[in-house]
Amino acid sequence: MRIDIITVQPGLLEGPLNHSMIQRAKDKGFAEINVLNLREYALNRYGQIDDYQFGGGAGMVLMCEPISKAIEDLKSERTYDEVIYTTPDGEIWNQNAANTLSLKQNIIILCGHYKGIDERIRQLYVTREISIGDYVLTGGELAAAIISDSIIRLLPGVLGNEESALTDSFQDGLLAPPVYTRPAEFMELKVPDVLLSGNFKLIEEWRMAQAEQRTRERRPDLYNKHNNDNQPH
Ligand code: ADE
């Protein structure tokens, strides 16, 4: 899979995309991530990429031409399955959306900045608008990093068996159960006996019950959805 990220702040993506699991996925050839600096597509030699908004109001707006040029440049090389725009007024990102996008070949993520981008770019190019939550970030770069991370870890082969994505929270609509490691007792708190029993059937049942209890208590919205989805039809 290839992800092209268009941004005015490439430096903000350096940390998240060049370490740990994403770096490993790139090294192993499972993912290619290319960061484009929008300034390279600036309108003039002053590096202009934004302007005041028509009608007045605080905040600069990213202009059509540089973004259009950057996207057209990418599209001249290959076809893209999605052009995603990161924005607080997009659909809320979740595991389902990550699962769906992990099946795509090539995607562009366009990071918003300042007051946003000219609406016409959204009309002309953007196929999907994504928010990572109901709060406002300075720009869309951190959102792009989060989206990329949650997609790339799902690509076959990226995670080893021991860290399989199948047992993640949300993957079956439930939060993950608690986990423990050595020592078996810490500050008088004991690891539940069942986990030391060696009885894998009982351990599985315990984990499922814990996952359900956790989800019911912490995320009743998810719990109700999980129950409805698992009703016999
Ligand atoms: N840009 C600013 N805030 C954002 C958010 N919550 N999600 C995605 N992109 C954003």
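What you see below is based on every heavy atom in this structure, not just the backbone, and it leaves out hydrogens, waters and symmetry mates.
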Is there a side-chain contact between [X] and [Y], using heavy atoms and a 4.5 Å cut-off?
X	Y	value
Asp118	Ile67	no
Ile71	Tyr80	no
Asn94	Phe170	no
Gln105	Arg78	no
Ile151	Lys104	no
Thr7	His113	no
Cys111	Gln9	no
Glu141	Ile5	no

Look up atom [atom1] in [X] and atom [atom2] in [Y], then write down how far apart they are to the nearest 0.5 Å.
X	Y	atom1	atom2	value
Arg24	His19	CZ	NE2	13.5 Å
Met21	Leu159	CE	CG	6.5 Å
Glu129	Leu110	CD	CG	9.5 Å
Ile109	Leu101	CD1	CG	8.0 Å
Met1	Ile33	CE	CD1	9.5 Å
Leu222	Arg216	CG	CZ	13.5 Å

Using a side-chain heavy atom cutoff under 4.5 Å and only I, L, V, M, F, W and Y, what cluster partners does [X] have?
X	result
Leu154	none
Phe186	Met187
Val136	none
Val191	Tyr180, Val194, Leu195, Leu196, Phe200, Leu202, Ile203, Trp206

For [X] and [Y], work out which heavy atoms get closest and say how close.
X	Y	value
Gly140	Thr86	CA-OG1, 3.2 Å
Lys115	Gly59	CG-CA, 3.6 Å
Ile22	Ser148	CD1-C, 4.4 Å
Ile121	Cys64	CD1-O, 3.5 Å
Trp93	Ser150	NE1-OG, 2.9 Å
Phe30	Leu155	O-CD1, 3.6 Å

Criterion side-chain hydrogen bond (donor to acceptor under 3.5 Å, both in side chains) on Glu72 and Tyr125, from CA distance to verdict: CA-CA 10 Å; Glu72 294 292 352; Tyr125 292 107; 2.6 Å; yes

Are any side-chain N or O atoms of [X] and backbone N or O atoms of [Y], one a donor and one an acceptor, separated by less than 3.5 Å?
X	Y	answer
Thr100	Asn96	yes
Asp81	Asn106	yes
Ser131	Ile92	no
Thr127	Val83	yes
Ser169	Ala176	yes

Tell me, yes or no, whether the heavy-atom count around [X] atom [atom1], taken from other residues, nucleotides or ligands under 6.0 Å, exceeds 12.
X	atom1	value
Arg207	CZ	no
Arg182	CZ	no
Lys28	NZ	yes

Under the side chain to side chain donor-acceptor pair (under 3.5 Å) test, residues paired with Gln23 that sit two or more places apart: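 With sequence neighbours excluded, Gln23 shows a side chain to side chain donor-acceptor pair (under 3.5 Å) to Asp27, given in chain and number order.
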
Listed partners of Asp89 passing side chain to side chain donor-acceptor pair (under 3.5 Å), at least two apart: Thr87, Arg122

Cluster check [X], [Y]: I/L/V/M/F/W/Y, side chain < 4.5 angstrom:
X	Y	value
Leu189	Val179	no
Leu36	Leu43	no
Val126	Val61	no
Met63	Leu124	no
Leu103	Ile152	no

Worked check of side chain to side chain contact (heavy atoms under 4.5 Å, CB included) between Leu74 and Ile6: CA-CA 10 Å; Leu74 290 171; Ile6 304 174; 4.0 Å; yes

Salt bridge (Lys or Arg N to Asp or Glu O under 4.0 Å) partners of [X], counting only residues at least two apart:
X	value
Glu212	none
Glu205	Lys201
Arg128	Glu91
Arg214	none

Ignoring hydrogens and angles, write down the donor-acceptor pairs under 3.5 Å from the side chains of residues 11-18, residues two or more places apart or on other chains.
unit_1: Asn18; atom_1: OD1; unit_2: Lys26; atom_2: NZ; d: 2.8
unit_1: Asn18; atom_1: ND2; unit_2: Glu14; atom_2: O; d: 2.8

Listed pairs under 3.5 Å, donor-acceptor, residues 45-57 side chains, sequence neighbours left out:
unit_1: Gln48; atom_1: OE1; unit_2: Asn44; atom_2: ND2; d: 3.2
unit_1: Gln48; atom_1: NE2; unit_2: Asp50; atom_2: O; d: 3.0
unit_1: Gln53; atom_1: NE2; unit_2: Ala58; atom_2: O; d: 3.1

